[in-house]
*Asks:* 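Just passing along the structure, written as structure tokens.
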Amino acid sequence: FCLLLSGTLFFYLGTREKHVTRLRESEAKFRSLSDNALTGILQINRKGEFLYANNALIKLLGYRSIYEIKGENFYKIFSIPGEVEASLKNMASGTSIVNLEIEVKHQDKTKRQMLLSAGFLEDLISANIIDITELMALNKEIRELDYAIQQMVDSVIITNDEGLIEYSNPAAEKIFGLTKNELIGKNIVALITNLLPSFKIQEFLTSLEKKNAFEIDFNLVKKDGTSL
């Protein structure tokens, strides 16, 4: 009986040690992946106290070390703390939120636009944060540029590398007598070469290949038969 008990106890302890070792190895792998990720990764409790933050998150928020961030409350880093706190605290266990747009107070006193995705399990909230400040600024510039192009009297057409039209402004649509939907997807080479003198077609194609400017005066016959 004693030998059997000892053997059973030894087997239990041995199995337990294997599980502990595997858990430690899994945790080490997670830490390694997380610490080298470009996305900010964190774990907090329901009160907003930091339990874990990876290197990317520390840099995103402008802190110098994990020790600085652990002294902060997660809910206090936002421009509107109550909004994020309410969203996370009201989450039921097993639920998640995806790509919640938030404004974060950076340590350099600037405000940064970020996307927050989080999952809630019991009293633990795991989340990742992506800084989209530059992307938002770029989108704003693109919208402003698009608006300017839309107002131009000069026609503008943008194609991909295969010469298929991806963008046209109202001036181009007016010149060709085609709607935007009719122009999109057409091959610019086929559209233009029908209008060019034969001796200019190769020059046009060579200019396209070299991405050089090409300029020529020609008469354009629109879809309705009128000419420009």
*Asks:* If you take all heavy atoms of I66 and A53, which pair is closest and at what distance?
*Replies:*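 Closest approach of I66 to A53: CD1-O, 3.6 Å.
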*Asks:* Could you tell me which non-hydrogen atom of L164 sits nearest to which non-hydrogen atom of G185, and how far apart they are?
*Replies:*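 Looking at all heavy atoms of both residues, the closest pair is CD2-O, 3.6 Å.
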*Asks:* Can you measure from CG (N160) to CD1 (I188) and round to the nearest 0.5 angstrom?
*Replies:*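 Rounded to the nearest 0.5 Å, the CG-CD1 separation comes out at 11.0 Å.
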*Asks:* Hydrophobic side-chain clustering at under 4.5 Å (ILVMFWY, transitive links): who's grouped with L145? Put none if nobody.
*Replies:*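 Members besides L145, by chain and number: I149, M152, V156, I158, Y167.
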*Asks:* With a 4.5 Å cut-off on side-chain heavy-atom distances among I, L, V, M, F, W and Y, is there a chain of contacts connecting I58 to L60?
*Replies:*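 Yes, because I58 and L60 connect within a single hydrophobic cluster, where side-chain heavy atoms sit under 4.5 Å apart.
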*Asks:* As an exercise, state the distance from CD1 of I142 to NZ of K140, rounded to the nearest 0.5 Å.
*Replies:*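 Reported to 0.5 Å precision, the distance equals 12.5 Å.
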*Asks:* If you apply the rule side chain to side chain contact (heavy atoms under 4.5 Å, CB included), what do you find for T133 with K111, and how did you get there?
*Replies:* CA-CA 9 Å; T133 307; K111 293 180 179 179; over 6 Å; no
*Asks:* If you compare all heavy atoms of S126 against all heavy atoms of Q43, which two are closest, and at what distance to 0.1 Å?
*Replies:*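 Looking at all heavy atoms of both residues, the closest pair is OG-NE2, 3.5 Å.
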*Asks:* Tell me if the NZ atom of K47 is crowded by more than 12 foreign heavy atoms within 6.0 Å.
*Replies:*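 Atom NZ in K47 is not crowded, with 12 or fewer foreign heavy atoms closer than 6.0 Å.
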*Asks:* Using a strict 4.0 Å threshold on nitrogen-to-oxygen distance, state whether E72 and K76 make a salt bridge.
*Replies:*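 No.
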*Asks:* Minimum heavy-atom separation for S96 to G119, with atom names?
*Replies:*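 Closest approach of S96 to G119: CB-CA, 4.0 Å.
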*Asks:* What heavy-atom pair brings S117 and N99 nearest, and what distance separates the two atoms?
*Replies:*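 Closest heavy-atom pair between S117 and N99: OG-N, 2.9 Å.
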*Asks:* Can you tell me how far the CD atom of E173 sits from the CG atom of L183, to the nearest 0.5 Å?
*Replies:*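 These two atoms lie 6.0 Å from each other.
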*Asks:* Got a sec, which residues hit side chain to side chain contact (heavy atoms under 4.5 Å, CB included) with E101, two or more places apart in sequence or on another chain?
*Replies:*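 Here the qualifying residues are Q113, L115, I132, M136.
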*Asks:* Checking K180 side chain against P170 main chain: does a donor-acceptor pair fall under 3.5 Å?
*Replies:*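 Pair absent, no side-chain N/O of K180 close to backbone of P170.
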*Asks:* Is it the case that the ring center of Y63 lies less than 6.0 angstrom away from the ring center of Y67?
*Replies:*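 No: the rings miss the under 6.0 Å criterion.
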*Asks:* With a 4.5 Å limit on heavy-atom distance, are the side chains of L57 and I41 in contact?
*Replies:*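 The answer is no, as the side chains (C-beta and beyond) never meet within the 4.5 Å cut-off.
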*Asks:* Restricting to salt bridge (Lys or Arg N to Asp or Glu O under 4.0 Å), what partner residues turn up for E134, sequence neighbours left out?
*Replies:*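 Here the qualifying residues are R112.
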*Asks:* Do L42 and N54 have side chains that get closer than 4.5 Å, going by heavy atoms?
*Replies:*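 No. Closest side-chain heavy atoms not under 4.5 Å.
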*Asks:* Given side chain to side chain contact (heavy atoms under 4.5 Å, CB included), test L124 with N45 step by step and report yes or no.
*Replies:* CA-CA 5 Å; L124 180 68; N45 58 24; over 6 Å; no
*Asks:* Is a donor on one side and an acceptor on the other found under 3.5 Å between the side chain of E141 and the backbone of L138?
*Replies:*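 Answer holds: no.
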*Asks:* With sequence neighbours excluded, tell me which residues meet salt bridge (Lys or Arg N to Asp or Glu O under 4.0 Å) with R64.
*Replies:*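 Listed in chain order: E68.
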*Asks:* Heavy atoms only: give me the nearest T39-I129 pair and the separation to one decimal.
*Replies:*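 In this case the closest contact between T39 and I129 is CG2-O, 3.4 Å.
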*Asks:* Suppose we screen for ring-ring contact (aromatic ring centres under 6.0 Å, His included). Which residues come up paired with F120, at least two apart in sequence or across chains?
*Replies:*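 Applying ring-ring contact (aromatic ring centres under 6.0 Å, His included) to F120 gives none.
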*Asks:* Are M114 and L100 connected in the hydrophobic side-chain network, where two residues link if heavy atoms are under 4.5 Å apart?
*Replies:*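 Yes: a chain of side-chain contacts under 4.5 Å links M114 to L100.
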*Asks:* Can you list the residues that meet the side chain to side chain donor-acceptor pair (under 3.5 Å) rule with N181, with sequence neighbours excluded?
*Replies:*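 Result, side chain to side chain donor-acceptor pair (under 3.5 Å) vs N181: none returned.
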*Asks:* In this structure, would V104 and F50 fall into the same cluster of hydrophobic residues linked by side-chain contacts under 4.5 Å?
*Replies:*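 Looking at the clustering, F50 is in the same group as V104.
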*Asks:* Between N169 and D154 (side chain of the first, backbone of the second, donor and acceptor by atom type, cut-off under 3.5 Å), is there such a pair?
*Replies:*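 Between the backbone of D154 and the side chain of N169 there is a qualifying donor-acceptor contact (under 3.5 Å).
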*Asks:* Nearest 0.5 angstrom please: I44 CD1 to L51 CG, how far?
*Replies:*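 The distance works out to 8.0 Å.
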